[in-house]
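Start at 1 and go down the list; that is how both ligands and their atoms are numbered.
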Amino acid sequence: MATIRNPFYYGGVAEETYFCNRSNEIQILKKDIKNGLNILIYEPRRFGKTSLVIRALKEINNRYIFIDLMGITDEIEFINAYFNAISASLETTAEKTVRYFKNVLKIRPNINVTFDMNGSPSYSLSFARSEKENVLEEIMNIPYEYAKHRKEKPIVVFDEFQEISKLNLEEKLRSKIQLHGNKISYIFLGSKKSIMKKMFFDKNSAFYKSVKHLPIAEISFSEWSLFIKKGFKNNDKKIDDEFLEVILSISKGFPYYTQQIAYELFNSCDSNSAVDSIIMKQTLHSILDREEDLFLQEWESLSLNQRKALKLIIIAKGDNLYEKKTMDQFNLTNSTLKKAVEGLINKDVIDKGNKRYYLQDPMFEYYIYKRFI
Ligand SMILES: Nc1ncnc2c1ncn2[C@@H]1O[C@H](COP(=O)(O)OP(=O)(O)O)[C@@H](O)[C@H]1O
Ligand SMILES: [Mg+2]
């Protein structure tokens with residue numbers, strides 16, 4: 001029996017048929033990139049930032065340099081990772097790359113090339129520690145030099161950019177980037193709103209007012225409904241509206257969890273049959289089971305008042321938190337609640353939108369509700 005490919009996907013970058021909508025954001029991104037703007041996107045982890053940007057870049061069919069800063073622990077690692085990302089994007093073969101950089105770079109670091117099992121090259125630079133600043137400067141300038149000589153503007157994506165704040169590189173990067181004007185579009189993606197806002201909106205910060213901020217919305221319920229229904233139908237399975245509503249009321253349209261639930265439901269549903277309430281229940285149960293370690297860890301990292309505040313926010317549906325009756329229920333006062341709410345915002349656990357507070361992670365909310373309320 002041929003196994004059916006699951007039409008849903010979660011974990012990495014969502015591409016091709018796994019990608020749902022976001023057409024507004026794609027249009028805006030494409031226009032801004034063409035105009036050479038620098039763009040800032042901060043949304044929670046797993047919200048679809050990377051997928052969106054990769055999609056837009058593929059559509060405009062422009063050369064891009066992509067570097068993920070998660071996991072980079074110092075300046076030298078940054079230099080090597082950036083150099084690698086540049087090499088992967090600008091030149092085709094290892095020989096060409098080395099030759100090209102020998103021509104471009106004024107400094108003379110040794111360029112070491114190794115190949116992985118698939119034959120893809122990976123580069124590292126050897127240089128004296130005393131040369132570090134010069135090397136960083138030159139590496140930062142490669143995309144700009146490239147743009148000048150080739151009449152082609154590469155786009156640079158810094159993913160998980162909040163990590164740069166730990167490396168003490170903000171000033172150095174900014175001083176280079178600001179010289180590149182509209183020759184290079186930089187796209188800064190970040191998963192920690194609290195840090196990203198400080199980096200880009202605080203008057204004294206290195207990147208103050210250097211970008212256009214693009215907010216991204218959840219994917220709408222109607223788009224998701226079409227997407228999920230089609231995935232089932234194309235594969236001779238069925239999902240009724242009532243279960244779509246269950247999925248979306250839990251995921252709230254948050255991309256990762258919507259796909260996760262749909263994927264697991266699809267797996268548990270036999271061919272030529274429909275999702276039923278038993279499958280729905282078991283699927284949600286197993287998802288919570290699997291995420292439990294992570295959620296517990298997050299819960300335990302909160303103070304007792306912050307935990308109370310979270311429960312209160314969930315029960316009050318994010319509105320009128322400071323009503324006396326609700327606060328009394330949790331033994332919180334105006335000032336203890338206020339402090340807890342501020343703490344939760346600083347930890348990027350909650351946020352405020354449309355006058356309501358909400359948990360950034362809808363599955364964490366569902367977990368707390370199921371387990372502790
Ligand atoms: N436009 C989209 N359509 C469908 N699913 C998406 C979309 N964007 C993201 N996802 C889902 O969310 C997951 C995380 O997306 P990702 O782009 O890695 O998020 P982020 O970069 O914000 O952490 C993907 O694996 C996929 O399941
Ligand atoms: Mg990402």
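Other residues sharing a hydrophobic cluster with Tyr9 under the 4.5 Å side-chain heavy-atom criterion for ILVMFWY residues are Tyr18.
Only the backbone of Tyr18 comes within contact range of ligand 1, with a heavy atom under 4.0 Å; no side-chain atom does. In Tyr257, neither the side chain nor the backbone holds a heavy atom less than 4.0 Å from any atom of ligand 1.
For ligand 1, the polar-atom distance check finds an N/O of Tyr9 within less than 3.5 Å of one of the ligand's N/O atoms.
Of the protein's non-hydrogen atoms, Lys49 NZ, 2.7 Å is the one closest to atom 22 (O) of ligand 1. Taking atom 23 (O) of ligand 1 as the reference point, the nearest protein heavy-atom neighbour is Arg46 N, 2.7 Å. Considering only non-hydrogen protein atoms, atom 17 (O) of ligand 1 sits nearest to Ser51 OG, 2.6 Å. Ranking protein heavy atoms by distance to atom 21 (O) of ligand 1, first place goes to Thr50 OG1, 2.7 Å. Nearest to atom 18 (O) of ligand 1 among the protein's heavy atoms is Gly12 O, 3.8 Å. In this structure, the protein non-hydrogen atom closest to atom 5 (N) of ligand 1 is Gln259 NE2, 2.7 Å. Closest to atom 10 (N) of ligand 1, if we only count protein heavy atoms, is Pro255 CB, 3.4 Å.
Looking at Gly48, Cys20, Pro44, Gly190, it is Gly48 that brings a heavy atom closest to atom 8 (N) of ligand 1.
The atoms of ligand 1 that sit less than 4.0 Å from any heavy atom of Tyr10 are 25 (O), 27 (O).
Ile54 does not count as a contact of ligand 1, since none of its heavy atoms falls under 4.0 Å from the ligand.
Salt-bridge formation is detected for the pair Asp241/Lys229: a Lys NZ or Arg NE/NH1/NH2 atom is positioned less than 4.0 Å from an Asp or Glu carboxylate oxygen. Salt-bridge annotation for Glu342 and Lys339: absent, with no side-chain N of the basic residue lying under 4.0 Å from a carboxylate O of the acidic one. No salt bridge links Lys198 with Glu170; every basic N to acidic carboxylate O contact stays at or beyond 4.0 Å.
Classification of the His180-Tyr186 ring pair by plane angle, with boundaries at 30° and 60°, yields parallel. Between Phe295 and Phe364, the angle of the ring planes lies from 30° to 60°, which puts this pair in the tilted group.
Between the CD1 atom of Ile28 and the CD1 atom of Ile39 there is a distance of 10.0 Å, given to the nearest 0.5 Å.
Taking Glu292 as the reference, Arg371 meet the salt bridge (charged side-chain N to carboxylate O under 4.0 Å, His left out) condition, with sequence neighbours excluded.
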